[in-house]
Amino acid sequence: MQELINRAKELLESGEVARVLGWKAGDLPYNPEPAYFEKAEDLKDFVYNGFCGANLSKYMIEASKLEGKTMVCLKPCDTYSFNQLIKEHRVDRDKAYIVGVGCKGKLDIEKAKKLGIKGIESVSGAEMSDACDTLTFQTIYGEKSCAYADAMLERCHVCKGKDHMIYDEIIGESRDTKDAERFAEVEMIEAMSPAEKFAFFQEELSKCIRCNACRNVCPACSCRKCVFDSTKFDSAQKANVDSFEEKMFHVIRAFHVAGRCTDCGECSRVCPQGIRLHLFNRKYIKDINELYGEFQAGADAEARGPLTNFTFDDCEPSIVAERG
Amino acid sequence: MQRIGVFVCHCGSNIAATVDVKKVAEMALLEPGVVHAEDYQYMCSEAGQAKIQAAIKEKNLTGIVVCSCSPRMHENTFRSAAEKAGLNPYMVEIANIREHCSWIHKNVEEATEKAVILARAAIAKVNLNAPLKPGESLVTKRALVIGGGIAGIQTALDIADAGYEVDIVEKTPSIGGRMSQLDKTFPTLDCSACILTPKMVEAAAHEKITIYTYSEVEKVSGFVGDFTVDIRKKARFVDAGKCTGCGVCQEKCPSKKSLSEFNRGLNTRSAIYTPFAQAIPNVPVIDTEACIKMKTGKCGICSKVCQAGAIDYEQKDEILTQKYGAIVVATGFDTIKLDNYDEYAYNQSKDVITSLELERVMNAAGPTKGHLERLSDGKHPKEMVFIQCVGSRCSDGRGKSYCSKICCMYTAKHAMLIRDKYPDVNVTVFYIDVRTPGKNFDEFYRRAVEDYGVNYIKGQVGKVIPQPDGKLLVQGVDLLDNKQILKEADMVVLATAIEPNPDVRKIATMLTASIDTNNFLTESHAKLRPVESPTAGVFLSGVCQGPKDIPETVAQAGAAAVKAIGLLAKDKLMTNPCTAKADELMCNGCSTCANVCPYGAITYEEKEVNDHGIRETRRIAVVNSALCQGCGACTVTCPSGAMDLQGFSNRQIIAEVDAICR
Amino acid sequence: MYKIAKENLSALFQMIAGEQELYLPVNNNGQVNFAAWTEGANVDLDTLKSVKSPKDAFFPQSENLYTVTKENKKIKIEPEALKDQNFVVFGMKACDVKGVEVLDKVFLVDPVDTFYAARRAHGTIVALACHEPEETCFCKVFGVDAAEPVADVATWMIDGELYWKALTEKGEALTNAVASLLVDADEAKVEAEKEAIRGIVEKLPYSDLSLDGWNGDVLLDKFNSPVWEELYKPCLACGTCTFVCPTCQCYDIKDYDTGHGVKRYRCWDSCMYSDFTMMAHGNNRTSQMQRFRQRFMHKLVYFPANNDGMYSCVGCGRCVEKCPSALNIVKVIKAFENQGGEM
Amino acid sequence: MSHVNKASQIKEISGVNPLKCMKCGKCSASCPSFNEMDIKPHQFVSYVQNGDIESLVNSKSLWKCLSCFACLERCPRDVKPAKLIDAARQLVVREKGATYLSPDEVPELLDEDLPQQLLVSAFRRYRR
Amino acid sequence: MSIETNEFRPKIVAFCCNWCSYAGADLAGSSRLAYPADVKIIRVPCSCRVNPMFILRAFEKGADGVILCGCHPGDCHYTTGNYYARRRMTLLFSMLDYIGVENGRTRVEWVSAAEGVKFSQTMNEFVEKIHSLGKNVRLGDLRCKN
């Protein structure tokens, strides 16, 4: 982390960048927030640890409009999003100085809390310099600990890899965290009967409160005006109703980001109701891989997306019924 | 709020017999925005239109719905009627209660209920219609003819004679096409070259016609009145400006083993060649695959012998970009490959030939200098068998399902010519049907039978078996005598099915012109618009549209020319106003829409916007409404719905959906 | 003071639900939210905070107001029926109860919101003291005593027994209705529990949060502060904080066309949304900073100014837990604390 | 009545639509047993079309067809007369009570004149 | 033959492209090739104009089946529209299947202007399929159901 701060200082002081986009220590040990640092002395609050899960690439949409370059800290998975945003002309590559930061897996405090850890006063074991094997919590109810991996975000268990797809320089080490199959959950659902599938998603989606956190955090959902907020489509809908509306919202959202979603996992990270929203996106990724060839959105900034492309001998929609 | 009038047509009894039209009008009147509803015998009649116009004026209607036949039939009728009454023509919607309702349902109650719903959907849509104004685009006064056969030449001559510039693009080194390969033509038996060559010369000499031979259309963009076409002029390696056409190079060329395309591979030609003596232009090309100089770097004899210094081994392909107002496709045909017809032994015996090969054999400039002889041993044949319908009328997947149309007549011609020139040769024709509709056609066929003693046998040939002695054993059937026939023949001629030039698929794709399952270009209407492609500004000439003989081809070529002239005579065209349009406050500038636009109609601009007080410069999609054809691919790819299609907007379609599902 | 053994609670719920609707914390797919009790529901009284506050019970996220139907060309309006059945909300925490008090200030003053008023009139609140408050709690700052909720009935969960004390007439009525399941209890254990809870509250990291500087005539100072420009930046403009908040009361009114009538409904709105208070001419607040500022100015300045100093934050800490960008009202209060001198 | 039924049975068994025939005669032209037959291959089609199954069933042709399938291969209209003959044979077999021969019974029934190919084809066609 | 009121009358929306399938439907009409009146056609310029939202909207508002008809691949009037539609619909249908919607409720069929018979057959088959699936309960909005 110190190396990162030193480099940020250097860049700010040399005037090479006008600001640094990173994370600022929070008021609790586990809630750092995305923040801009414009002065070297502000960097005293800069943190980068296991709790810095936020994908900062979407913030670069706004930062691209500002005067001067922004040094942005991107984790390996964030760089996919950044590439995708370049492709869609939403960020300006020339306005970004990308520091690829190492990643040893990011944490989900809710998971720790689900393990019965509450009243947290401090946490150790989540710094980048740590081995990141065990987390130790000092709580008002005594010292608790858990394995680092047990508190890791779902997305880190199925990590796409720790290589940065785009960067100006890389600072910090990474550690492989993949220990599960990316499509295992999707396959499990695919194997269900229609009634089971329906019940599964009905239960999952009935929790939705339509807060739009998933949409607003999503780097692919970068529309100025979402179709669900727009009067232009007669589709605006604010109410959370447990019948069709939510399916419409989540199905269409998944469809709109199909072929563009990098599977960064932010939607699932931020959902206040813990809905496994990645199940939608990953279904599309799996379908696209199977039907139209392997495709990883954001692996580069040029490749044509699968939904703006076709081949003459693509499968027919009836394949859905045929493959059961 | 709109003031909508609903007009329900009886279409005589076509609609009224199954749909309670009064009820439809009555129910329509209850829909939001509807202030007037009436029904009438024939809405499309003068009187019906007058009723619509009167209602528009009296009730100040802002939109109308006509419940009638398909909009493909009378949408334009009702639009112009509305326009004459002062209503924007795009405020008219049609509810199709005939083709989609009265004609397919028997139960009156059911059909009426459906008609009411269809009317309701149209009313819901028209409530959201906005007046649209067609744009204008200028017409480039130049036509492109693709293909330099008789169809292309005739079309070009007719257009040029009307005073417009025409370019002919021909793939091979010379214009002339299939007709130049023919020996004589039916039903008059005049020499093909004698009637074609003057046309070729006329085209070449015409001041309004430019001919690009050995050239291909590479890329087409734009739209009716304003196409932009890239033409690839393949390198000839001979400077056409310098070449005198003396022919010495061809004589001296040491590489003479290439099969002659013009003679259907029956003999050979030199590496530097003109396809035939009367070629236009009379400028040879070098076949790079055969040229020793090209392959090894050594030789260069042609260059040495050319007194004009016209040989240029360094010549490169050139791309020429030209604008056109109209494009005529005249890509012609070829005979099908016979690989699927082993039973006729075409690939086994040199003496089984196609009719087109026979044309070359019979031609004085052909491989046998016009002598009828077996290609295997040069012997004069005594028995000749003609087999009809080889690959035509086949629905088994091996050949073509259609009748190739010309075979009956040319076979009669061949039979007659052979009997005339070589009375010692017996000619037998195995046929399924003899089809001779056409002026003097049946008489021609009867002459072959009656005057020339050609032996016509009703029945097909099952098998041709080459014999060790070089003869061909033909096993056929005489259905009238109910006898199987075994006949020894010296030559067998196959009336091979014709198919559209295989390149036409590529060209059709470039032109966005549709093509049928047999690769024939589709006409806009089988009866009423037979020479126009559904793609505006693209016309069809000759066999690319369907099998034809020469007189028919020439007639269609003229018709296509007239259609093209009609287009070129206009200075401006009205463009379809149902085009895509981006809402600049919602557009993300993400370029996704441009990726799917088949017309390149979407570009991006950095534009200053005022988004509810926020002023900023944004990258925004801009649709060129002259290029946009209104398919709507972009509207679906746009996640925010910033891109919408006028006339078929998101809200309009959703309103229809809602109205139907209500 | 009564008590009931934890294992008898399901009998208690069954008995209450036999008479009236019962809402209580239910674990559905790992998330605890207030929901109607049903046989076999996975009731969870151990989780401190439900994801959404229980304000839904009185102010549902969306509710129909009236239905418009068309008869030929005439329009018929049918108002939605008001709540006329009694119901019980069980297990609300002290902060959530205080949240209802905040909502009362909005909906029960003239003009009275009849939908809300009907629900309040028919609802009985059974509150549960917080056995183990967590680090995100700061109810104390807003004068809420986690140890002693002020509701129709207050309850404490101590060593496998639920202690029960009716505080109002409604509470008494409910107590009488379920008396057969309750046994008498002495208050000593409850007092000890209260002390223990208060002891924990003192130790919580936010316990020293101060609202100094938010009292008095600070409106313009706060409104014009440059602090907002920095504070709002991580905000994603989602509605999480407002939708989990027990006091956020803004709603939007919309129409839904069912195909056979238009339902006019209201649903929670969020000041974080770009179309918040959208009017025909456009929007008053054009930037996210302004919308962000609105939320906290409303909670900490505008609301108290109109309601005798009552803040419309109850310190439940849900926003602290749920904000995707780790923003929250505590950070806002602290930011002004730090910047106090520079203003 | 019964002949109509038989015709439709033959159509059903063979999967052949005789209306597709354009009477080109290529089947008869291809048939190696043409001269042995009283009803010629192209005539099978019209017999079925006209419903005259009785004549077909009683014809010599029925047992002269080698099932070489040349007509089936070469028919340009996918009518496949061999399938009609096949179907007619099945009809006869079925009427006889659908008793299939076991392979062991075949040798004693063999007829000197029976073309070898017919046997091979029949085995190919009727094995179970 | 009166319509029984308690009989299941499915609501079926058919989106037809203007150039091929709508004309195919016209041909079915002029050839008097019947199919059930439950099918209502919406004309769109091209199959690629059909937004998945239209299809979900139809289901939301009570449709029991939605079918999309366009030109055969390779024959699109706009050259490529149906290729995009094909991918979009494949993915949409796959998602609907994934969330437990019976996959016979949606269908894509390529119908040319000459295929009146196919249009009619397709609609007959589709209506039959919807009959076998019964009423759409999984995708409709509860508010639309009284």
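Residue E:A23 touches chain B through both its backbone and its side chain, counting heavy-atom pairs closer than 4.5 Å. Using a 4.5 Å cut-off between heavy atoms, B:N14 contacts chain E through its side chain alone, with no backbone atom that close. With a 4.5 Å cut-off on non-hydrogen atoms, B:N595 touches chain E through its backbone but not through its side chain. Using a 4.5 Å cut-off between heavy atoms, B:S102 does not touch chain E at all. With a threshold of 4.5 angstrom between heavy atoms, B:A121 does not approach chain E through any atom at all. Heavy atoms of E:V13 lying under 4.5 Å from chain B belong exclusively to its side chain. Heavy atoms of E:H77 lying under 4.5 Å from chain B belong to its backbone as well as its side chain. At a 4.5 Å heavy-atom cutoff, the contact between E:R88 and chain B is made by side-chain atoms alone. Contacts between E:Y22 and chain B at a heavy-atom distance below 4.5 Å involve backbone atoms as well as side-chain atoms. For chain B, the nearby part of E:V50 is the backbone; its heavy atoms alone come within less than 4.5 Å.
The greatest number of non-hydrogen atom pairs below 4.5 Å with chain B, out of E:S120, E:A85, E:P36, is found for E:P36. Counting heavy-atom pairs closer than 4.5 Å to chain E, the top-ranked of the candidates B:K106, B:R98, B:R505, B:R662 is B:R662. Note on B:E656, B:Q629, B:M73, B:K114: by heavy-atom pairs under 4.5 Å with chain E, the leading option is B:K114. Among B:A111, B:A122, B:G630, the residue making the largest number of heavy-atom pairs under 4.5 Å with chain E is B:G630. In terms of heavy-atom pairs under 4.5 Å with chain B, the best-connected choice from E:A34, E:A114, E:A37 is E:A37. Listed options B:P71, B:C101, B:C69 were ranked by heavy-atom pairs under 4.5 angstrom with chain E; first place goes to B:P71. If you tally non-hydrogen atom pairs under 4.5 Å between each of B:C634, B:A508, B:A633 and chain E, the highest count goes to B:A633. Considering only heavy-atom pairs separated by less than 4.5 Å from chain B, the leading option among E:W19, E:Y83, E:Y78, E:F15 is E:Y78.
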Start with the C-alpha distance between E:Y84 and B:V636, add both sets of side-chain angles, then the distance that settles side-chain contact (heavy atoms from CB on, under 4.5 Å), and finish with yes or no.
CA-CA 10 Å; E:Y84 293 118; B:V636 181; over 6 Å; no

Could you walk me through whether E:D26 and B:N96 pass side-chain contact (heavy atoms from CB on, under 4.5 Å), step by step?
CA-CA 9 Å; E:D26 281 356; B:N96 183 347; 3.1 Å; yes

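Side-chain contact between E:R43 and B:K125 is absent, with no heavy atoms from C-beta onward closer than 4.5 Å. At a threshold of 4.5 Å between non-hydrogen side-chain atoms, the residues E:K40 and B:L118 count as touching.
One distance of note links CG of E:N51 with CG of B:L645; it measures 12.0 Å at 0.5 Å rounding. To the nearest 0.5 Å, the span separating CG on E:L27 from OG on B:S70 amounts to 11.0 Å. Rounding to the nearest 0.5 Å gives a distance of 12.5 Å between CZ of E:R57 and CD1 of B:I653. The CD atom of B:E99 lies 8.5 Å from the CZ atom of E:R32; values are rounded to the nearest 0.5 Å. Rounding to the nearest 0.5 angstrom, the gap separating the CG atom in B:D658 from the CD atom in E:E60 is 7.5 Å.
For the residue pair B:W103 and E:S30, the shortest heavy atom distance occurs at CE3-CA, 3.4 Å. Annotation for E:Y35 and B:H100: closest pair OH-CA, 4.2 Å, computed over non-hydrogen atoms. The shortest non-hydrogen separation linking E:T80 to B:P598 is OG1-CB, 3.7 Å. The shortest non-hydrogen separation linking B:R72 to E:N18 is NH1-O, 2.8 Å. In terms of heavy-atom proximity, B:T635 sits nearest to E:R49 at OG1-NH1, 2.9 Å. E:A28 approaches B:I104 most closely through the heavy-atom pair O-CG2, 3.9 Å.
A donor-acceptor pair is defined here as one N or O able to donate and one able to accept, closer than 3.5 Å; such a pair exists between the side chain of E:K11 and the backbone of B:C661.
Within 6.0 Å of CE on B:M586 lie more than 12 heavy atoms contributed by other residues, nucleotides or ligands.
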